[in-house]
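For clarity, every value in this text was computed on a predicted model and none was experimentally measured. One is the number of the first residue; the rest follow in order along the sequence.
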Amino acid sequence: MRLHRNLVYTTIDALNAIFNEGEYADKVVARSLKKDKRWGSSDRKFVAETIYEVVRWKRLYSEIADVKEPYNREDLWRMFAVWAVLRGYPIPDWRQLEGTPERKIKGKFDELSKIRKMRESIPDWMDEIGIQELGEELWTKEIAAQNQQAKVILRVNTLKTTKEKLRALLMDLNIETEFLKDQPDALVLTERANVFLTDAFKEGMFEVQDASSQLVARFLDVQPGMRVVDTCAGAGGKTLHMASLMENKGQLIAMDLYESKLKQLKLRAKRNGAFNIEYRIIDTTKVIKKLHEKADRVLIDAPCSGLGVLKRNPDAKWKLQPEFIDNIRKVQAEVLENYSKIVKPGGKLVYATCSILPSENQEQIKKFLSTEIGKSFTFVKDSKILASESGFDGFYMALLERKQ
């Protein structure tokens with residue numbers, strides 16, 4: 001186990017882009033992995049995982065390294081040295097790592113690990129809001145679970161293949177997967193692999209989608225032949241799942257405020273062989289009004305804080321601000337009020353978020369049901385998924401039915 005200079009330099013450059021230039025970790029990682037064509041899979045794994053690890057534990061590592069933002073290159077090297085010592089790497093005699101105080105690092109780690117916001121490496125405000133909304137005991141468990149590395153979950157595209165066939169195909173490529181109990185379309189990778197390079201992916205046999213996210217389309221109870229509207233489709237992971245559940249029969253309208261996201265969805269739909277999707281950009285209120293009381297099913301995958309998916313997006317811990325959460329709650333209430341009007345009498349609506357905060361979830365539904373439009377709906381059921389209980393992303397979904 002030794003450190004290679006070119007891999008570590010790439011890691012330092014990436015951390016500089018994420019911490020000092022405000023870039024998103026996933027984009028920086030993707031770019032970093034293309035840096036040297038000679039790298040093998042273990043080199044690429046080292047670069048990707050190390051970048052994410054230092055991002056995830058930024059507060060803890062900078063506290064141990066005794067550095068403060070904005071970080072200069074020397075600071076980033078000191079944080080990297082903390083990572084290397086705690087991971088058990090022998091420290092090489094490079095100029096940048098001279099005088100790394102190994103014993104001091106371990107001692108400080110033990111000491112800081114007694115304080116939750118340091119141990120879990122989160123901002124003060126996030127720790128406060130977590131305790132306030134979930135209570136100390138549950139928050140402590142949940143934030144620890146959110147710091148685990150996310151598993152890679154595939155959603156089998158049933159328009160093209162079956163779970164069993166896909167599993168066998170991947171097995172031939174030495175990519176091992178397991179079935180997931182109560183999840184008919186999911187396969188879990190037993191160890192990480194770049195599945196995007198496989199022909200099975202290029203031919204649209206699967207998408208990468210977390211297990212919790214895969215529950216949403218089924219919760220809405222979509223059936224072939226229905227008219228279904230996905231009001232916040234984005235790049236369309238759930239849209240594509242609904243298309244497969246509808247067996248390409250009926251009409252699936254994917255809407256979003258951003259044309260760029262719908263363009264991405266079009267490409268994915270083509271690869272998936274999903275051809276019952278129509279695309280509509282929400283550029284005026286007319287787009288929504290035209291659909292009033294016209295849909296059998298409506299999905300509102302609402303914009304949210306993303307506090308259920310920190311294991312997947314660790315840099316959100318540092319990019320998210322408390323004001324954003326206050327504003328997003330207002331947006332959620334507006335979206336529920338406006339888009340719920342699309343449901344026809346007797347139709348169903350699912351409101352979903354990838355947040356674990358009751359103020360974005362149960363409380364939004366409660367508030368909505370007391371509004372004028374909300375009174376025409378009946379609450380059917382909801383589901384609260386916590387990472388600490390499921391091992392997957394934190395999610396919320398509520399099913400409502402419009403009165404006849």
Could you verify whether a donor N or O on one side chain and an acceptor N or O on the other, from D43 and H4, lie under 3.5 Å apart? no
Is a donor on one side and an acceptor on the other found under 3.5 Å between the side chain of T231 and the backbone of L299? yes
Indicate the atoms forming the closest heavy-atom contact of V152 with V208, along with that distance. CG1-CG1, 4.3 Å
Is it the case that more than 12 heavy atoms not belonging to E278 sit under 6.0 Å from its CD atom? yes
Heavy-atom count around R87 CZ within 6.0 Å, excluding the residue itself: above 12? yes
Ignoring hydrogens and angles, tell me if any N or O in the side chain of R119 forms a donor-acceptor pair with the backbone of S113 under 3.5 Å. yes
Summary of ring pair (Phe, Tyr, Trp, His ring centres under 6.0 Å) pairs that have at least one residue in residues 267-310, sequence neighbours excluded: none
Donor-acceptor pair, distance only, cut-off 3.5 Å: does the side chain of Q251 make one with the backbone of M226? no
Under a 4.5 Å cut-off applied to non-hydrogen side-chain atoms, are Y396 and S355 in contact? no
Other residues, nucleotides, ligands: >12 heavy atoms within 6.0 Å of Y258 OH: no
Do we see a donor-acceptor contact under 3.5 Å between the side chains of K317 and N147? yes
Determine whether L33 and V47 make a side-chain contact, defined as any pair of heavy atoms from C-beta on separated by less than 4.5 Å. yes
List, one per line, each side-chain donor-acceptor pair under 3.5 Å for residues 397-404, sequence neighbours excluded.
| unit_1 | atom_1 | unit_2 | atom_2 | d |
| --- | --- | --- | --- | --- |
| R402 | NH1 | V343 | O | 2.8 |
| R402 | NH2 | E293 | OE2 | 3.4 |
| K403 | NZ | K375 | O | 2.8 |

Could you tell me if the side chain of R167 sits less than 4.5 Å from the side chain of K163, heavy atoms only? no
Do the side chains of R329 and E363 get close enough for a salt bridge, i.e. N-O under 4.0 angstrom? no
M255 side chain reached by V229 side chain, heavy atoms, under 4.5 Å: yes
Within a reach of under 6.0 Å around CD of E176, are more than 12 heavy atoms found that belong to other residues, nucleotides or ligands? no
Residues, nucleotides or ligands: over 12 heavy atoms within 6.0 Å of Y24 OH: no
Side-chain contact test, heavy atoms from C-beta onward, threshold under 4.5 Å: evaluate it for V85 versus I91 and give yes or no. yes
Aromatic rings F201 and F206: how do their planes relate, parallel, tilted or perpendicular, breaks at 30° and 60°? tilted
Using a 4.5 Å cut-off on heavy atoms from C-beta on, say whether the side chain of Y339 contacts that of I282. yes
Please confirm whether R2 makes a cation-pi placement over Y89, using NZ or CZ under 6.0 Å from the six-membered ring centre and within 45° of the ring normal. no
Check: N313 side chain, A316 main-chain N or O, donor-acceptor pair, under 3.5 Å: no
Check: D221 main-chain N/O paired with R297 side-chain donor or acceptor under 3.5 Å: yes
I'd like to know if the side chain of S340 and the backbone of E337 have a donor-acceptor N/O pair within less than 3.5 Å. yes
Between D13 and R73, is the closest basic N to carboxylate O distance under 4.0 Å? yes
Check whether the side chains of R116 and T140 place a donor and an acceptor atom closer than 3.5 Å, and report yes or no. yes
Hey, could you give me the CD1/CH2 distance between I64 and W83, rounded to the nearest 0.5 Å? 14.0 Å
Side-chain ion pair, D36 and R44, N-O less than 4.0 Å: no
Would you say R227's side chain and A295's backbone share a donor-acceptor pair under 3.5 angstrom? no
When every non-hydrogen atom of A65 is compared with those of V82, the smallest separation belongs to CB-CG2, 3.8 Å
Answer yes or no: is there an ion pair linking E63 with K108, defined by an N-O contact shorter than 4.0 Å? no
Could you tell me whether the side chains of E360 and S305 share a donor-acceptor contact shorter than 3.5 Å? yes
Verify whether one side chain among Q146 and E142 offers a donor that lies under 3.5 Å from an acceptor in the other. yes
Apply the side-chain hydrogen bond (donor to acceptor under 3.5 Å, both in side chains) test between R155 and each candidate in Q214, E207, Q209; give the one that qualifies. Q209
Relative to the ring of F80, is the ring of W77 parallel (under 30°), tilted (30 to 60°) or perpendicular (over 60°)? perpendicular
Would you call K58 and E69 a salt bridge, taking side-chain N to carboxylate O under 4.0 Å as the test? yes
Is it true that atom NZ of K202 has more than 12 heavy atoms of other residues, nucleotides or ligands lying nearer than 6.0 Å? yes
Any donor-acceptor N/O pair, R268 side chain to A235 backbone, under 3.5 Å: yes
Is a side-chain donor or acceptor of D75 paired with a backbone partner of S62 at a separation under 3.5 angstrom? no
Just wondering, are more than 12 heavy atoms of other shown residues or ligands nearer than 6.0 Å to NZ in K165? no
CG of D185 to CZ of F179: how many Å apart, nearest 0.5 Å? 11.5 Å
Would you find more than 12 non-hydrogen atoms of other residues, nucleotides or ligands less than 6.0 Å from E74 atom CD? no
Between F368 and Y351 (judged by ring centroids, cut-off 6.0 Å), do the two rings come close enough to count as a pair? no
Over all heavy atoms of both residues, which pair between Q364 and L336 is shortest? Give the atoms and the distance, please. O-CD1, 4.0 Å
Cation-aromatic face contact K45/W39, 6.0 Å, 45 degrees: no
Please check: side-chain N/O of K160 versus main-chain N/O of E203, any donor-acceptor pairing under 3.5 Å? yes
Using only heavy-atom distances, determine whether the side chains of N157 and S244 contain a donor-acceptor pair under 3.5 Å. no
Quick one: are V29 and E49 in side-chain contact, heavy atoms under 4.5 Å? no
In the structure I gave you, are the side-chain heavy atoms of V298 and I300 within less than 4.5 Å of one another anywhere? yes
Going by an N to O cut-off under 4.0 Å, is there a salt bridge joining D393 and R312? yes
Does a donor on one side chain sit under 3.5 Å from an acceptor on the other, for Q332 and T353? no
